[in-house]
Amino acid sequence: MKSTINVFPLRAIRVGFLWFAMLCGAFMSALYAQENPADSLKLINLSEVVVISTGRQLDHQKQRKPLSTLDEFLESSRSINMVKRGAYAWEPTMNDMASERLAITIDGMQIFGACTDKMDPITSYVDVSNLSEAQIGSGQQGAAFGNTIGGGINLKLDKSNFKPTGCNGSLESAFESNNKMRVFGGELNYSDEKFYLNTDGIYRKADNYKTGGDEEVKFSQFEKYNFSVNSGYKLAEGKSVSATLIYDEANNVGYPALTMDVSLVRAVIGSVSFNQDTLFGNFSNWESKVYYNTIKHVMDDTKRPDVLIHMDMPGWSETAGFYTQANFNKEKNHFFFKLDGFYNKSYAEMTMYPTNSNEPLMFMLTWPDVRTKDLGFYAKDHITFEKASLKLSTRLAYHSNTVADDFGLNSLKIFYPEMEKTNTRFLKSFSAQYHKMLNDFHFNGGLSYGERAPSVSEGYGFYLFNSFDNHDYIGDPNLKTESSAEANVSITYKKSIFEITATANYFRVFNYIIGVVDPSLSTMTIGARGVKIYNNLEYTQLFNASLSGRYNISNAFKLTGNVSYHRGVDNDGENLPLISPISYRSALDFYKNQFSASFSVEGAGTQTNYNPAYGETKTAAYATLSASIGKRFFINENNLFVKAGIENILDTYYSSYTDWNNIPRMGRNFYLTISYSIN
Ligand SMILES: [Cu+2]
């Protein structure tokens, strides 16, 4: 009885808040959020730009949580959702498609993770301290970054670019109460018209986080360092060279949703570029880059209880590549040409140590030293008319995979005796995107076609355990090229104080690659339910729609919101995995006299379209509330920013469809960020 009385006021508040949230949501759905967390998103046609920092400084003024992880920044985007296996290294998805179907680059550089279990999406190898923005292209609009089905994301590095700013620097620190995350960061920059040097470093350490209701999520800790240096030198007017180097290392990273953790993951990412403002004829902005990156990933099960057979599972990925690009303007035609190529080496192994030490060790190559060569040509023509424009683009690529390790090749030949060492494909992408302005209305519509090659795991993976559906996966080197036909539309009504956009896209993906159970095979992983082989489904259909809005209530107050709907089915009408239920988000932001505040709600409906065959269960509806306040102080010529906030105010216990094995999300969390910048 007593507990009921105790609970009642809380429930009343919760219901009240939810009601308010729904009201906001409904109201907001009638508005358009071109800019999400206080201006951090800018919409470029159907794609987005997530601004992370401006002028070598994290934007403490406008970001609700300036030192949040890059993952949190990306999640705040309208078009990206993040799949979570713990507190670290979330996996971006766009249009309900994940890594294999996206092209993700860092400053135009191709990088491939070194983990067979997707513990290390590319986005985990940089931090907010390195970046200026995330450029997002939906569907084939992301093909500038590589072959893709779902879209492309380019994480643009932050550089001074010869701005005459002289010396400046900043020190930053943050603390989060829930997992006791400590963040320390700093940067030191020099820039003049002939030379610039940017350096930054960031360190994050977090303990296990706690769910709503204060349950500890074991193995959710992590520790990460990131350092970067980039520099440029002007050889002559309109001619410069630049170089970048990023070192990123994470240790003792827990993955509570998986059966293993990570003891070490290290990336070294470097590039040298040559830039020239002009080229022969009408060519301009000529930029060329050569790059190299190497990643080492070491999984660790030694801290887990009840490990029957200890396993060592290290993986390596090395990529070397280049691109050269230029613009070409002729009257109404604005061309962009890019030639790019890369060479990747992916190698991963597994050693099993039987409990009886007299038994022999078991060794397998889970990625058999797969060498991928890719040479691509991308061209775009942006044709401008009066109050209208047409964008035509294409990517043509030669793509080949070779299994370089004979032991690995022979292992795969058990399943595919006829398989060739090398598999070559020719990949194509075409896209047409039309934009028309009519008074305050903007219409966008596009049709496109794209192709992608299977990933290393899909083509050559050897007994990769997937804890989501509890199956071992084997690749198929003879998979057909996956292709997609895509249509998109959007309508925006735009006034200076008010904006609303409705968008929708549809993908029909042919030869959709997904694991299908092969009952004739027996498992390698103890406790696995069966073995799946990557297969081409005849086709699948994906549909995404959203309604978003912005309303400037006054100069100081701004209201934004977004509601989205998603659906994904295969050719038998069965649900595809990891498709978002209805989700919504709304925020009220205040900014005046160097003082900022925000109140936001985020939530999703019940996941009714789930598929148990892929290990999914019905995820319940949820809503969470967050708030923040911040103030900027001037000390002499310098700036001090202080920001504090609460996330999940009501300490709701929940998980979303993106949470691997429904691992519960973080409960109530207080954060404090302090930044001091010296100009
Ligand atoms: Cu891993």
Side-chain angles (χ1 to χ4, degrees), residues 69 71 82-93 98-100 104 111-126 206 217-224 248-268 293-304 307 309-319 344-353 363-370 408 455-475 515 524-528 615 658-661 663:
T69 61
D71 292 342
M82 304 297 278
V83 173
K84 300 168 189 77
R85 296 170 176 86
Y88 186 75
W90 299 346
E91 182 187 6
T93 69
S99 302
E100 322 73 50
I104 304 182
I111 299 184
F112 299 90
C115 177
T116 50
D117 295 350
K118 299 175 106 189
M119 286 167 159
D120 69 334
I122 310 318
T123 41
S124 69
Y125 292 115
V126 278
V217 178
K218 290 216 169 98
F219 309 107
S220 61
Q221 80 290 345
F222 66 87
E223 182 173 13
K224 168 179 174 129
D248 189 282
E249 182 176 320
N251 302 103
N252 187 24
V253 182
Y255 289 83
L258 305 179
T259 53
M260 293 188 103
D261 303 308
V262 158
S263 56
L264 168 78
V265 48
R266 180 191 296 143
V268 181
N293 53 73
T294 176
I295 291 171
K296 183 181 181 184
H297 176 89
V298 184
M299 286 189 258
D300 178 23
D301 61 7
T302 56
K303 296 199 174 82
R304 297 293 181 113
V307 173
I309 292 191
H310 164 64
M311 286 185 273
D312 265 346
M313 294 177 70
W316 292 266
S317 167
E318 249 180 291
T319 309
N344 170 263
K345 187 172 162 356
S346 291
Y347 181 97
E349 53 181 50
M350 171 156 91
T351 311
M352 288 193 197
Y353 299 85
F363 178 82
M364 290 189 321
L365 280 185
T366 42
W367 279 350
D369 196 358
V370 180
S455 68
V456 171
S457 289
E458 290 167 339
Y460 304 95
F462 197 70
Y463 286 99
L464 305 178
F465 178 64
N466 180 331
S467 63
F468 199 69
D469 58 9
N470 204 11
H471 278 74
D472 280 333
Y473 275 66
I474 296 172
M524 188 74 75
T525 307
I526 295 168
T658 53
D659 296 305
W660 203 253
N661 290 331
I663 183 107

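Counting convention: from 1, in listed order, for ligands and their atoms alike.
Aromatic rings of F468 and W660 (six-membered ring for Trp) have centroids within the 6.0 Å cut-off, being under it.
For residue M119, an N/O/S atom approaches the Cu ion (ligand 1) to within less than 2.8 Å. Because the distance cut-off is set at 2.8 Å, M299 qualifies as a neighbour of the Cu ion (ligand 1) through one of its N, O or S atoms.
When the Cu ion (ligand 1) is compared with the N/O/S atoms of H297, atom NE2 turns out nearest.
A donor-acceptor contact under 3.5 angstrom links the side chains of S457 and W367, judged on distance only.
Taking 4.5 Å as the limit, every side-chain heavy atom of T351 sits out of range of all side-chain heavy atoms of M311.
Applying the ring-ring contact (aromatic ring centres under 6.0 Å, His included) test to Y460 and every residue at least two apart in sequence or in another chain returns nothing.
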